[in-house]
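So the structure is just underneath, and the comments pick up after that.
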Protein chains: 2
Amino acid sequence: MMSPRVTPADRRPWDSVREQLHDRGLRWTPQRRAVVDVLATTEGHITGSELIERCRARETKVVPSTVYRTLDVLEQLGLVRHGHGADGREEFHVGAAAEHGHLHCDRCGRHWEIDEPRASAVAEVFGGIGFAVDPSHVTIVGVCAECRTA
Amino acid sequence: MMSPRVTPADRRPWDSVREQLHDRGLRWTPQRRAVVDVLATTEGHITGSELIERCRARETKVVPSTVYRTLDVLEQLGLVRHGHGADGREEFHVGAAAEHGHLHCDRCGRHWEIDEPRASAVAEVFGGIGFAVDPSHVTIVGVCAECRTA
DNA sequence: CGCACTACTGCAATCAGTTGCAACAGCGTG
DNA sequence: CACGCTGTTGCAACTGATTGCAGTAGTGCG
């Protein structure tokens, strides 16, 4: 099956942000463009403050509250998902990373994505009691293999 | 060996805090007493700011930084564990609640403890790749049975 | 009992994130 | 192409949490 698992819409979801906003009666502004530009060139994770900094580096004038409010909107459109790192700070998951939960090592601070079979396994554990796990919002903390042997 | 699974130290861990501190060369101060007093009468969860407020209500003069620093110390003694609620704010788990992970419903905001068999099941999922899950630090987000049918 | 060592506290500054509000500016209309 | 509706921005104030630092005060020792 050569069926592409990734459709164009999945690959370039950012291209249509403007239209998606329009469709909901929302507006396309320079500030939102700055945020989207940064996100479009980000794969994986980015924290709120990091995003703000990168927007500012892009000359566009943005203020934190605007960035956070824009992120709320983008999350409603399903373009990003937010979670909280091990230290509780906000962390936005972009692209493929938005689909998976994460494993966080308490010792070295690194993190990994939870792959599909394991995500399903976790979901199954709680499916029995009727609880539908949101796989993208799961962060499991522990100690990674390397740190354990070290 | 009828080894009791719960020793007196487990049941009343707060009684010996002072000694535990002493053993590590740490000190017993009015502020720490206030924090411990509040925690000793708390079962389950408490947020940082809630704890501060309750300490202040106890007449003792405490300042936020001291409370948070005291919590760090108590966490090192294993008397509390901290996690982060769905909104990322700090949440301290006290007593029995410190032992379990939590299930959080994104819709109604309620949460439940993850029971032993299920905690083990989750741990097992990642044991295969050498990752040792810290069961007390797990918070799984999703939608609970009630909200799903509603 | 009083001294000294050093852990601990309080303060003030700072960071991350949120919110209310008045002014601003997309963008559809006429 | 100007107008105006209403979504959006920036500001300022605020909450929760953290940190550096100077002064304070537990605690062991003589």
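Just so we're on the same page: letters track the sequence lines, and every chain starts at 1.
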For atom [atom1] of [X] and atom [atom2] of [N], their distance in whole Å:
X       : N      : atom1 : atom2 : value
A:Glu90 : C:dC15 : CD    : C1'   : 14 Å
B:Glu91 : D:dT15 : CD    : P     : 20 Å
B:Glu19 : D:dT27 : CD    : P     : 12 Å
A:Arg33 : C:dC27 : CZ    : P     : 13 Å
A:Glu75 : C:dG17 : CD    : P     : 13 Å
A:Arg89 : D:dA17 : CZ    : C1'   : 8 Å
A:His22 : C:dG28 : NE2   : C1'   : 10 Å
A:Leu71 : C:dA16 : CG    : C1'   : 13 Å

Does the side chain to side chain donor-acceptor pair (under 3.5 Å) test come out yes or no for B:Arg89 and B:Ser49, once each step is laid out? CA-CA 10 Å; B:Arg89 291 201 177 143; B:Ser49 37; over 6 Å; no

Does the side chain of B:Tyr68 get closer than 4.0 angstrom to OP1 or OP2 of D:dA17 through an N or O atom? yes

Can you find a side chain N or O atom of B:Arg18 that sits less than 4.0 Å from OP1 or OP2 on D:dG26? no

Could you work out, with side chain to side chain contact (heavy atoms under 4.5 Å, CB included) as the rule, every residue matching [X], not counting sequence neighbours?
X        : answer
A:Asp115 : A:Pro117, A:Arg118
A:Glu53  : none
A:Val133 : A:Ala123, A:Phe126, A:Phe131, A:Val138, B:Ile140
B:Glu90  : B:Tyr68, B:His82, B:His84, B:Phe92

Scan residues 47-55 of chain A against DNA chain D and write down, sorted by residue number, each residue with any heavy atom closer than 4.0 Å; if none is found, say none. none

If the condition is salt bridge (charged side-chain N to carboxylate O under 4.0 Å, His left out), which residues does A:Arg69 pass it with, not counting sequence neighbours? none

Qualifying salt bridge (Lys or Arg N to Asp or Glu O under 4.0 Å) pairs with a residue from residues 140-150 of chain A, counting only residues at least two apart or across chains: A:Arg110-A:Glu146

Using a 4.0 Å heavy-atom cut-off, does A:Arg24 contact any base of the nucleic acid, only the sugar-phosphate backbone, or nothing at all? nothing

Pair B:Thr42, B:Arg54: side-chain N/O donor-acceptor within cut-off below 3.5 Å: yes

Within the sub-3.5 Å range, which N or O atoms of nucleotides 6-10 of chain D have a protein N or O partner, and how far apart are they?
unit_1, atom_1, unit_2, atom_2, d
D:dT6, O2, A:Arg27, NH1, 3.0
D:dT6, O2, A:Arg27, NH2, 2.9
D:dG7, O4', A:Arg27, NH2, 3.4
D:dG7, N3, A:Arg27, NH1, 3.1
D:dT8, OP1, A:Arg27, N, 3.1
D:dT8, OP1, A:Arg32, NH1, 2.3
D:dT8, OP1, A:Arg32, NH2, 3.0
D:dT8, O5', A:Arg32, NH2, 3.4
D:dT9, OP1, A:Thr29, OG1, 2.9
D:dT9, O3', A:Gln31, NE2, 3.0
D:dG10, OP1, A:Gln31, NE2, 3.1
D:dG10, OP1, A:Lys61, O, 3.3
D:dG10, OP2, A:Thr66, OG1, 3.1
D:dG10, N7, A:Arg69, NH2, 3.0
D:dG10, O6, A:Arg69, NH1, 3.3
D:dG10, O6, A:Arg69, NH2, 2.9

Please list every donor-acceptor pair under 3.5 Å in which a side-chain atom of residues 33-40 of chain B meets a protein atom from a residue at least two apart or in another chain.
unit_1, atom_1, unit_2, atom_2, d
B:Arg33, NH1, B:Asp37, OD1, 3.2
B:Arg33, NH1, B:Asp37, OD2, 3.4

